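Quick note: numbers below take in every heavy atom, side chains included, and nothing from hydrogens, waters or symmetry partners. Below, read A as the first sequence line, B as the second, and so on, with proteins coming before strands; counting in each chain starts at 1. Note that this is a predicted model, so its numbers are computed, not measured.
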Amino acid sequence: MPAETEPSLAKATPRSDAARAALVDVEHEPGAKKPDPILVAHGIRRQFGGLTAVDVEHVEIQRGVITALIGPNGAGKTTFFNLLTGFDRPNEGTWSFKGTTLDKVPAYKVARLGMVRTFQLTKVLSRLTVIENMRVGATDQRGEGLLSAMFSWLWRGQEETNTVKADELLERFLLHKKREDFAGSLSGGQRKLLEMARALMADPELVMLDEPMAGVNPALKQSLLGHVKSLREEGRSVLFVEHDMDMVRDISDWVIVMAQGKVVAEGPPDRVMSDQRVIDAYLGSHHDQDLSEDMEETILAEAQAEIDAEHTEEKS
Amino acid sequence: MDFVAILGSAIQQAFGPTAVIYCLAAIGLNVHFGYTGLLNFGQAGFMMVAGYSIACAVTIFATSLWVGVVVGLLLAALLALALGVPTLRLRADYLAIVTIASAEIIRQTVAAASFSEYFGGQDGVTDFISGFRDANPYSGSVGIPGLFRWSAFDIWVMTVGWLLVALSCLVVFLLMRSPWGRVLKSIREDENAVRSLGKNVYAYKMQALVIGGIFGALAGFMVSLRSAAVGPSFFATDVTFFAYTVLLIGGAARVMGPVVGAIIFWFLITALGGFFSQATAGADPLIPEAIMDPNQASLMRFIFLGLGLMLLMIFRPQGIFGDRRELAIDAR
Amino acid sequence: MIAVLALLAPAAATAAAPLPTADAGSVCQVPERDEADASIYITGCLRDLREDPPTPVPGVAITLSDAEGNELAAAESDENGAFAVAIPGDPISALGQQFVVAVDEESLPEGSGLRNPDDVEQTITVNTDADQSVAFPIGDPLPESAGGLTLALQLTVGGLVFSSLLAMAALGLSMIFGTTGLTNFSHGELITFGAVVALAVDRLPGQIAIGGLNITVIVGVLVAFVVSAAFGWLNDAALWRPLRKRGTGIIAMMIVSIGLSIFLRNVFQYVAGAQSQNYSQYSAVTPIQVGPVQVTLKEIAVFLIAVAVLLGTTAFLKYTRTGKATRAVADNPALSAATGINVERVISIVWIGGAALAGLAGALLGVTQGFDYQIGFKLLLLVFAAVVLGGLGTIWGAIVGAFIIGTFTELTTLFVPAEFKFVGALLVLILVLLVRPQGLLGRAQRVG
């Protein structure tokens, strides 16, 4: 993907200025209160056997901004994502989206409320065409009810409206040439794009992206980055998990750092990157090295710890 | 070797009442497995519930077959709900295990000597289809002389059966081209993705399980009408797997797959059976008795069936007339 | 295991006093009858199975009644222990009717009784105009008024023996599931395979003997164990490994396993025939009294072998390098591969071990219950019940689940007719899924 398809990469746009302005007075502390939170989580704890995967005291996600959730592997980011979106249940804790309490709300209802997620391992519907993948994303479809399904005149009109919308999104995400192909034939990066476009079919207010850049080639990364930014320009809120620090620094307005299941730091990207707690979380004492290069070591150590923990558990 | 006789009986079976039964059962499995990705290994259970419903409606409750049909459909739907509640939130294998187990539970319970007063134990129930026989508009048999023939009763069963098949195919076609059907296919591909898009996956799976079970019930009705009897041995575990083979021959997730599959399946099975039976018959059989006796000959078609099911699932899950493009994706 | 077998072999062999051939003792001389007599006869033989060869029991009174309990005819066993009683009236009208044949227990010799006291009355349905035979095995009478507790103990003993075999089969299934994610519906045929191999060895002409001691069946069981291991390797190498390489999904693999099950089951029937048959040794063994319960040396031997093999397998998994690697693969295949474990090799070992366990279970089951080409297929659902109850993929879970299911099925016969004992176990399976789907010892998994 050529870089010129990405015009807004470097320069600040009005939306991003506004977003950052709203966060100016927010404390740079874990669990800091936000002026206009769209998502509030409190006391979320999730244990797998003896291992506490997530133990978040308090977190608020600001409306209309791009928030990054970072942390070393095994920090509990994906588990936290699963908990917030209803794909997993915490042992305790409360959380709310737009003021609606979400504990015991199943995943599909969370999505209907306007909080739509993507997955770390991209989930496209392989043996459906790209356009069918998009159509599934639309909500409130009359034809999805069993009783009306057999009578096409009841849903034909709505289907056409959804198709127009889907085509627009495919155009925007540069997938229109693949419209009639099976989604299973797309490349990894195209799948990420399709997944994001499909999530937009539901008009979500909060888009949750789990490692949107993982496994995407550098050229396509620039394009994806632009798309994430464009979500904010449309007035949507974004929460994403990411490992690529350059990317985080580039597009996020606010960064939340998790380590060993807890939120250890919060703040604007530049501040957080130099925060001692973050450096400790990632590197221990080797903080003079580049973050992303040293990550590998951390990952291995974390993984080892996890295996050990599970084995002790198995033996007990 | 009398190839004409083999061909005749193969054609007779390919379009005969038995093919109808397996076609209907496979239509149900197509909704379950082909479109939704649900592994129902207990289609025989749905068939049995329905088959015994119309039998017992007449023998125990002395009402009409129609009451039995309504009760059978209701019981099949209830069975689907009962199976779905504990398993549809779990991984795919649990549904497979529970359905195969419950089909066997139903079969052993119905076959039990303790209930033989109601269900006739191992012998089953007979003498209940006089109403169906009386409604037979045909008289005299149909067929090609010297090749095959169907009796008037067979023709009557086939008329009702193939009409049911046509109706079922129409319903499946209408359902699967709708957004509802699209959600089912999406669930087959990745249910978490569908959940993340705001669809109640559990409810859709349950609906699919019920609808497929109802097609299974239609197959069960045809079993009891065609045989004029029901017994536990008609609904053994393997019935379900024959229906899977039928489905895979015709191609899963294709509306006409079960129809094509049932015809080809019964043609091949009958032809194979006829071939090996003739090859081992007589004083100087084609295959020496030391290698294969007539009893063993009757097993050959099932040996081929097992092999066929494996090979189809591995190489041609889209059916023998499958779409290459789709095949390419499966290989990933 | 070999040591246990060798230790028990002499004891079992002498106590069992094997029958020369499977059938020699069971042929029964039915009294001569008039060819012109079209009546349907109910025939049978009364023989004391404590003797070898079994001795006829003459002078026992037999009565024949219709389904309503009206006595129709009576007879007495002759010097060969045989009896024949005609159904009175037109043979055609007897078709489809049920009749009750009963033994007068008072007329049995002192100190004898029916092996199974429930057999005093047997109901038979006449479906054809051929004569029908019934069996009333005579042996030691069960202790008078075998109280509920004694009966429960007796059933528990039987249940434990069965459980130990079930556990071997379940462990194999669970290990294969744990490492490959495959729910193998052809596992029942791995069980039958062992029984077939043992039968094949047994049917070889002549006997295998050491120092005059006939060890044909023992050798058969050992060979079954080894050949099953090879068969497991073959299963994996020829079928499942290529499928994994192609990236075939688990749902597709389950259907492939169904196809394999149908294929193998019919091949077994092709080779071994449809009739159930006994191995040449240990088919009729006199039980010994241990406290309030009766056990046979055969049962004790089978149980000890099974428990030893189970302990050996779990020790292997727990302490050896390969065993630890196996558990690591079961836990997380990708991570194991990343840490340098050869996942394919581990899976291959698991298939070898799992099939060997299943085959051994099948061979021993053949020794205890008699061979039948569906021996494993019939067991499959109980194996599933055990594995799901304990937790799919867990090692201890499979064993614990098998012992619960195995004893449960036996003990339910205290309360419900024996024909419902499998039904009970399968209902337990469904209840477990409702209450605790991950099983007793399983762990909940992370989604996504």
- prompt: Given that the side chain runs from C-beta out, which part of B:L39 has a heavy atom under 4.5 Å from chain C: side chain, backbone, both or neither?
  reply: side chain
message: Quick check on the interface: out of C:M253, C:E419, C:M254, C:R265, who has the most heavy-atom pairs with chain B under 4.5 Å?
response: C:E419
- request: Name the region of B:F41, side chain, backbone, both or neither, that has any atom closer than 4.5 Å to a heavy atom of chain C.
  value: side chain
- prompt: What part of B:F302 lies closer than 4.5 angstrom to a heavy atom of chain C: side chain, backbone, both or neither?
  reply: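 Interface part for B:F302: both.
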- prompt: When B:S102 is tested against each of C:L427, C:I430, C:L429, C:L426 for side chain to side chain contact (heavy atoms under 4.5 Å, CB included), which residue passes?
  reply: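 Only one of C:L427, C:I430, C:L429, C:L426 forms a side chain to side chain contact (heavy atoms under 4.5 Å, CB included) with B:S102, namely C:I430.
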query: Of all of C:T183, C:V435, C:I258, which one pairs up most often with chain B through heavy atoms under 4.5 Å apart?
result: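 The residue among C:T183, C:V435, C:I258 with the greatest pair count is C:I258.
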- prompt: In terms of heavy-atom proximity below 4.5 Å to chain C, should B:D238 be classed as side chain, backbone, both, or neither?
  reply: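 It is the side chain, since no backbone atom gets that close.
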query: With respect to chain B, which residue among C:I262, C:L434, C:L381, C:I255 yields the maximal number of heavy-atom pairs within a distance under 4.5 Å?
result: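 Sorted descending by pairs with chain B, the first entry is C:I255.
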message: What part of B:I314 gets within 4.5 angstrom of chain C, counting heavy atoms only: side chain, backbone, both, or neither?
response: both
query: Which class fits the ring pair B:Y118 and B:F115: parallel under 30°, tilted 30 to 60°, perpendicular over 60°?
result: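 Because their plane-to-plane angle lies in the 30° to 60° range, the rings of B:Y118 and B:F115 count as tilted.
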field: chain B contact via C:L431 - side chain, backbone, both or neither, heavy atoms under 4.5 Å
entry: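 Neither; nothing under 4.5 Å.
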Pairing of B:K185 and B:E189 as salt bridge, 4.0 angstrom limit: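 No salt bridge links B:K185 with B:E189.
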message: Heavy-atom pairs under 4.5 Å with chain B: which of C:I250, C:V267, C:V256 has the most?
response: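 It is C:V256.
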Engaged part of B:L248 at the chain C interface, taking heavy atoms whose separation is under 4.5 Å: side chain
- prompt: Tell me, side chain or backbone of C:V423 under 4.5 Å from chain B's heavy atoms, or both, or neither?
  reply: both
- request: Take B:F276 and B:I287, measure what side chain to side chain contact (heavy atoms under 4.5 Å, CB included) needs, and give me the verdict at the end.
  value: CA-CA 9 Å; B:F276 282 106; B:I287 304 174; 4.0 Å; yes
Residue part contacting chain C, namely of B:S114, when any heavy atom lies under 4.5 Å: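 Both parts, heavy atoms under 4.5 Å.
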field: Contact origin within B:M292 toward chain C - heavy atom pairs under 4.5 Å
entry: both
query: Between B:G121, B:A113, B:A111, which shows the greatest number of heavy-atom pairs under 4.5 Å with chain C?
result: B:A113
message: Strictly distance-based, threshold 3.5 Å: is any side-chain N or O of C:E189 a donor or acceptor partner for the main-chain N or O of C:L264?
response: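 Looks like no, no N/O pair under 3.5 Å.
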message: What part of C:L243 gets within 4.5 angstrom of chain B, counting heavy atoms only: side chain, backbone, both, or neither?
response: side chain
message: Taking the ring of C:Y270 and the ring of C:Y373, is the distance between their centroids below 6.0 Å?
response: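 No, the ring of C:Y373 stays outside the 6.0 Å limit from the ring of C:Y270, centre to centre.
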message: At a 4.5 Å cut-off on heavy atoms, which part of B:T237 comes close to chain C: side chain, backbone, both, or neither?
response: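 Contact with chain C: side chain only.
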field: Portion of C:P417 that has a non-hydrogen atom of chain B nearer than 4.5 angstrom
entry: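 Contact with chain B is through the side chain of C:P417 alone.
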